[in-house]
Each structure stands twice: as C-alpha cells, then as structure tokens.
Amino acid sequence: MAESLLEVERLSVTLEGTSVLRDVSLKLGAGEALAVIGPNGAGKTVLFRALLGLVEHSGTVRWREGVKIGYVPQRFQVERSAPLTVLEFFLLQSERFWRPEKAFLDHMDHELGLVGMNRGVLGQSLGSLSGGETQRLLIAWAMLKHPEVLLLDEPTAAVDVGFEETIYALLHRVQKERGTALMVISHDLSVVYRYAQTVLCLNKSVVCHGAPVDVLNPGAMAALYGEAGYYRHGHEAGE
C-alpha cells in the first residue's frame, strides 16, 4: 500500500454561518491520482483551501511531515499593468532572487517546456498573458520544486480545447515519472476514468468515494448532480 501523504477526518467548514462542507474524510497515497467531482457550489475549491490551511475548519487535516505541496488555482488574474515579468515570477521561487544560479534557470526552462512554453515568454509582463498561457505557466511554476503533491483546481478551465488533453497527459506523466500525487478538481468524467485511481464525489458532504469504475454509477451520479443535472452533464460529455 502506498505511503499516506494526507489523511483527512470529518473535515467541516462553515463560512458566514453557512455550512459549506460536512464530515469529509479521505486519504491520499504517494503517487496516487484523486479526482474531486461535483456540481457548482459543492465545496470543491473550499476543500482545497481547507487542506492548505487557508480557511478555518473543524476535523483533522494531517499532512505527512515535511511534504512539499504545489497548488494551481482555477483562476489567477493579474492586472495588465502589474510590474512583474514571467521571469521575475519564477524567480520568486529561487533562493537567490537577484543572482539565480544557472541550474535553476535550466530547470525552469525544462518545466516551461513540459507545458509547451519556452524562454521567449520570460520577458513578457505577467499581466499580458492570455488565460490559457497563464494557466500553463502556473502548472510549470507549481512543478518547479518537484512537489510530492499537486493540488489542481480545474487545471484546463482557461486552456484552449485542443490543449486540454496535452495538459492531462502531462500531469499523468509527472505522476508516473516523478511519483507525484495529484488531487484534481475536474468536470470531465472521461478524464476521471482515464487518469484517476480514486474519485471523491462531493456535494458539501461525500456522496461517493472509491475507484471510478466502482462508484461512478447512474445512481451515484443522480444523487450527486440531481436527475436532470446528471443527464445534462452526460450529454455535454458526449456520452
């Protein structure tokens, strides 16, 4: 059995007097890919924020001591006039910001290459990038220090349709070659079936949890999305 990187027990979150998450429990093993699915407003992003310690919660969130975590948010907006270049953004992760070592710059090049970008982007203003370019950049930035866990909140939401499969194939490669564990919020059930070993169906509380082939049945999907919502979702996915 894979070493446990994360154990969550009865996690609950209340925001402004409203219960957003109730009694969520899960485990994440080293090298595992766990997909989080559910309707809008189900608490998926709040779950990630709670795991990162960004919102108050009850229950237990236990990360393995010393684990390195990378995070890619769903949205990351930068003012076009922001005085920060792509290179400077990457150098925020360098231990020697003003005099980065060649090894760091070479490694940065490698991570950019994985997401289909190159050094030509480094001199651009961070605010001048398109939504898709920014999302690809964030993935490269999150992978820079080879985290043991990557949390990705709908990583292809702003990416061109033709590049979605490339992103998921890249994440699968990182999982296999580096042993990186992935937690991915996704609305694409075909992605969940192909790449995730475990799925967490969330609608403020856990609706189903287990291997996709075991738990993603019509009854669970109807309970998760509602009868009408489930059938619309399936149609949109081309099923």
Side-chain angles (χ1 to χ4, degrees), residues 2-3 5-6 28-34 48 51-54 63-78 82-160 162-186 191 195-197:
E3 175 189 13
L5 298 179
L6 170 66
L28 180 69
E32 179 185 0
L34 185 154
F48 275 20
L51 297 182
L52 293 168
L54 300 176
W63 289 99
R64 194 198 69 194
E65 186 176 356
V67 68
K68 292 189 293 184
I69 306 166
Y71 173 55
V72 179
Q74 182 181 1
R75 296 180 182 87
F76 184 79
Q77 295 180 331
V78 182
L84 187 69
T85 66
V86 172
L87 174 60
E88 290 165 344
F89 180 63
F90 268 90
L91 291 180
L92 293 174
Q93 293 220 53
S94 172
E95 295 177 0
R96 301 177 63 186
F97 182 87
W98 297 113
R99 297 182 61 189
E101 297 176 352
K102 181 178 183 299
F104 176 86
L105 295 174
D106 290 344
H107 182 52
M108 179 183 62
D109 272 354
H110 179 261
E111 302 304 301
L112 284 171
L114 287 176
V115 296
M117 305 179 86
N118 55 48
R119 279 203 178 193
V121 75
L122 295 179
Q124 294 185 41
S125 164
L126 193 62
S128 71
L129 302 180
S130 68
E133 288 173 328
T134 300
Q135 197 71 1
R136 288 156 60 186
L137 183 72
L138 289 174
I139 293 172
W141 195 84
M143 295 192 304
L144 193 61
K145 291 192 174 180
H146 287 206
E148 293 149 279
V149 182
L150 270 176
L151 305 184
L152 303 115
D153 190 346
E154 297 194 47
T156 62
V159 174
D160 294 340
F163 206 75
E164 290 181 356
E165 182 61 32
T166 301
I167 291 294
Y168 280 115
L170 159 66
L171 294 174
H172 183 63
R173 175 183 166 190
V174 168
Q175 178 199 6
K176 293 299 183 183
E177 294 183 2
R178 297 182 181 176
T180 306
L182 307 174
M183 283 190 68
V184 184
I185 294 174
S186 177
V191 167
Y195 295 120
Q197 286 78 57

I'd like to check [X] versus [Y] (side-chain heavy atoms, cut-off strictly below 4.5 Å). Are they in contact?
| X | Y | result |
| --- | --- | --- |
| Val115 | Thr166 | no |
| Leu126 | Leu137 | yes |
| Arg119 | Leu105 | yes |
| Ile167 | Gln135 | no |
| Tyr195 | Val184 | no |
| Val191 | Glu164 | no |
| Ile185 | Gln74 | no |
| Ser186 | Tyr168 | yes |

Closest approach of [X] to [Y] (non-hydrogen atoms, all atoms of both residues):
| X | Y | result |
| --- | --- | --- |
| Leu150 | Met143 | CD1-CG, 3.9 Å |
| Ala181 | Leu5 | CB-CD1, 3.8 Å |
| His107 | Leu144 | NE2-O, 2.5 Å |
| Thr85 | Gly123 | CG2-O, 4.0 Å |
| Leu152 | Ile139 | CD2-CG1, 4.4 Å |

Item to complete: Anything under 30° is parallel, anything over 60° is perpendicular, the rest tilted; go ahead and classify Trp141 against Phe89.
Response: parallel

Worksheet item: Does NE2 in His146 sit with more than 12 non-hydrogen atoms of other residues, nucleotides or ligands closer than 6.0 Å?
Response: yes

Worksheet item: Should we count CZ of Arg64 as having more than 12 external heavy atoms under 6.0 Å?
Response: yes

Can any side-chain N or O of [X] pair as donor or acceptor with the backbone N or O of [Y] at less than 3.5 Å?
| X | Y | answer |
| --- | --- | --- |
| Trp63 | Leu52 | no |
| Gln175 | Gly31 | yes |
| Gln197 | Ala33 | yes |

Worksheet, complete the sentence: dist Ile69:CD1 -> Leu51:CG (nearest 0.5 Å) comes out at 8.5 Å

Item to complete: Apply salt bridge (Lys or Arg N to Asp or Glu O under 4.0 Å) to Glu133 and list each qualifying residue two or more places apart in sequence or on a separate chain.
Response: none

Discussion item. One pair to check against side chain to side chain contact (heavy atoms under 4.5 Å, CB included): Met117 and Val86. What are the steps and the verdict?
Written reply: CA-CA 11 Å; Met117 305 179 86; Val86 172; over 6 Å; no

Fill in: side chain to side chain contact (heavy atoms under 4.5 Å, CB included) assessment of Met108 paired with Leu87
CA-CA 9 Å; Met108 179 183 62; Leu87 174 60; 3.8 Å; yes

